[in-house]
Amino acid sequence: MELYGAQIDSRLLLGTAQYPSPAKLTGAIKASGTGVVTVSLRRETVAGGSGQDFWSLIQASGARILPNTAGCHSVKEAVTTAQMAREVFGTSWIKLEVIGNADTLQPDVFGLVEAARILGDDGFEVFPYTTEDLGVADRLLRAGCKVLMPWGAPIGSGQGLRNIGGLRSMRAHFPDVPLIVDAGLGRPSHAAEAMEMGYDAVLLNTAVAKAGDPVLMARAFAKAVEAGREAFVADPMLPRDMAAPSTPVIGMADLA
């Protein structure tokens, strides 16, 4: 998978928040095989550890850092956070979040497009957290984004893919754009379903971090993503309205 010219081996991107301990976070990153982890500039500690310890842990993982603007509710706030993250983490990559609703954490798509344009002009490589709206997607691409990250469901809800028809339409409408389902996945089967539809990757956090065993769950998601991708490449059969015999009937004895 290629994202802004970088070759990424794993199609599972993993968040680093809410883990019960640094050891669980380290184990989950390793078990997932991820090549990209998201990090929020706003979070200074993890499970009681210092911010510097957390940063050292992330660096030691060997994964590429994708800073995010989590918790930002305005264009100015998101742009400022992105600029600070570039200085802190030393990367032009940014996962852009501009939240429009405090209950659903749905993106403010108007502010998102504006912030994406500002950051693109400033040399950022933007990964916008968006909806499956095709008009918004087109505007984000025109603003300079080369990757789109539509939500599956509200962040942290674990509901899976709530609008499968919309996600299918988005994949069909933008066949050459890397698309990553971001947010709302709760089970490995949700990730496999997204990959079977032809999505390039999935990004998740809560489903692993809040699992009873984050390391085991990270491994399960890694297997689901791989299985879903292989199923898509294998060109699965289409559903039928009627039954079709799997055993040939030609040559069977006629006992009538």
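In this text, all values refer to a predicted model and were calculated from it rather than measured experimentally. These values consider heavy atoms only, across backbone and side chains, with no hydrogens, waters or symmetry-generated copies.
- By the 4.0 Å N-to-carboxylate-O rule, D121 lies too far from R117 to be salt-bridged with it.
- At a threshold of 4.5 Å between non-hydrogen side-chain atoms, the residues L112 and T130 count as touching.
- Using a 4.0 Å cut-off between a side-chain N of Lys or Arg and a carboxylate O of Asp or Glu, D213 and R219 do not qualify as a salt bridge.
- Residues V147 and L96 are members of one and the same hydrophobic cluster, defined by side-chain heavy-atom contacts under 4.5 angstrom among Ile, Leu, Val, Met, Phe, Trp and Tyr.
- Residue R187 qualifies as open at atom CZ: its count of foreign heavy atoms under 6.0 Å is 12 or below.
- Note on V136 and W151: separate hydrophobic clusters, where clusters join Ile, Leu, Val, Met, Phe, Trp and Tyr whose side-chain heavy atoms are under 4.5 Å apart, directly or indirectly.
- Of the possible donor and acceptor atoms, one in the side chain of T16 sits under 3.5 Å from a partner among the backbone N and O of T38.
- The hydrophobic cluster containing L134 also contains V113, counting ILVMFWY residues as joined when their side-chain heavy atoms lie under 4.5 angstrom apart, directly or transitively.
- Here the CD1-CG distance, from I29 to L57, works out to 6.0 Å after rounding to the nearest 0.5 Å.
- The shortest side-chain heavy-atom distance between V98 and E114 does not fall under the 4.5 Å cut-off.
- Within the model, atoms NE2 of H190 and CG of L204 stand 11.5 Å from one another, a figure rounded to the nearest 0.5 Å.
- A pairwise comparison of heavy atoms in A28 and V215 identifies N-CG2, 3.8 Å as the closest pair.
- The shortest side-chain heavy-atom distance between P214 and Y19 falls under the 4.5 Å cut-off.
- The side-chain heavy atoms of M195 and V181, taken from C-beta on, include no pair separated by under 4.5 Å.
- Here the CG atom belonging to D182 is positioned 4.5 Å from the CG atom belonging to L203, to the nearest 0.5 angstrom.
- Q159 and R162 share a side-chain donor-acceptor pair at under 3.5 Å.
- Residues I99 and C72 fail the side-chain proximity criterion, which asks for heavy atoms closer than 4.5 Å.
- Residues M217 and P188 are in side-chain contact: their nearest non-hydrogen atoms beyond the backbone lie under 4.5 Å apart.
- Distance CG/D103 to CD/Q106: 11.5 Å, rounded to 0.5 Å.
- Side-chain atoms of D122 never come within 3.5 Å of backbone atoms of F124 as a donor-acceptor pair (strictly under, hydrogens ignored).
- Taking all atoms of both residues into account, the shortest heavy-atom contact from A63 to T34 is CB-O, 4.2 Å.
- Residues E132 and I164 are not in side-chain contact: their nearest non-hydrogen atoms beyond the backbone lie 4.5 Å or more apart.
- At a threshold of 4.5 Å between side-chain heavy atoms, the hydrophobic network of Ile, Leu, Val, Met, Phe, Trp and Tyr places I180 and F232 in two separate groups.
- A single hydrophobic cluster is not seen to contain both Y129 and V79; linkage of ILVMFWY side chains at heavy-atom distances under 4.5 Å, directly or through other members, places them apart.
- Distance CG/D133 to CE/M170: 8.5 Å, rounded to 0.5 Å.
- Other residues, nucleotides and ligands place no more than 12 heavy atoms under 6.0 Å from the CZ atom of R139.
- When every heavy atom of A231 is checked against every heavy atom of P236, the shortest pair comes out as O-CD, 3.1 Å.
- Between I58 and V37, the closest side-chain pair of non-hydrogen atoms falls below 4.5 Å.
- Atom OG in S189 sits 8.0 Å away from atom CZ in F221 (nearest 0.5 Å).
- Judged by distance alone, with hydrogens and angles left aside, the side-chain atoms of S157 form no donor-acceptor pair with the main-chain N or O of A153 at under 3.5 Å.
- E97 and T69 form no side-chain donor-acceptor contact under 3.5 Å, judged by distance and modelled atom types alone.
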### Task
Would you please test D176 and K146 for salt bridge (charged side-chain N to carboxylate O under 4.0 Å, His left out) and show each step?
CA-CA 10 Å; D176 300 321; K146 296 183 179 179; over 6 Å; no
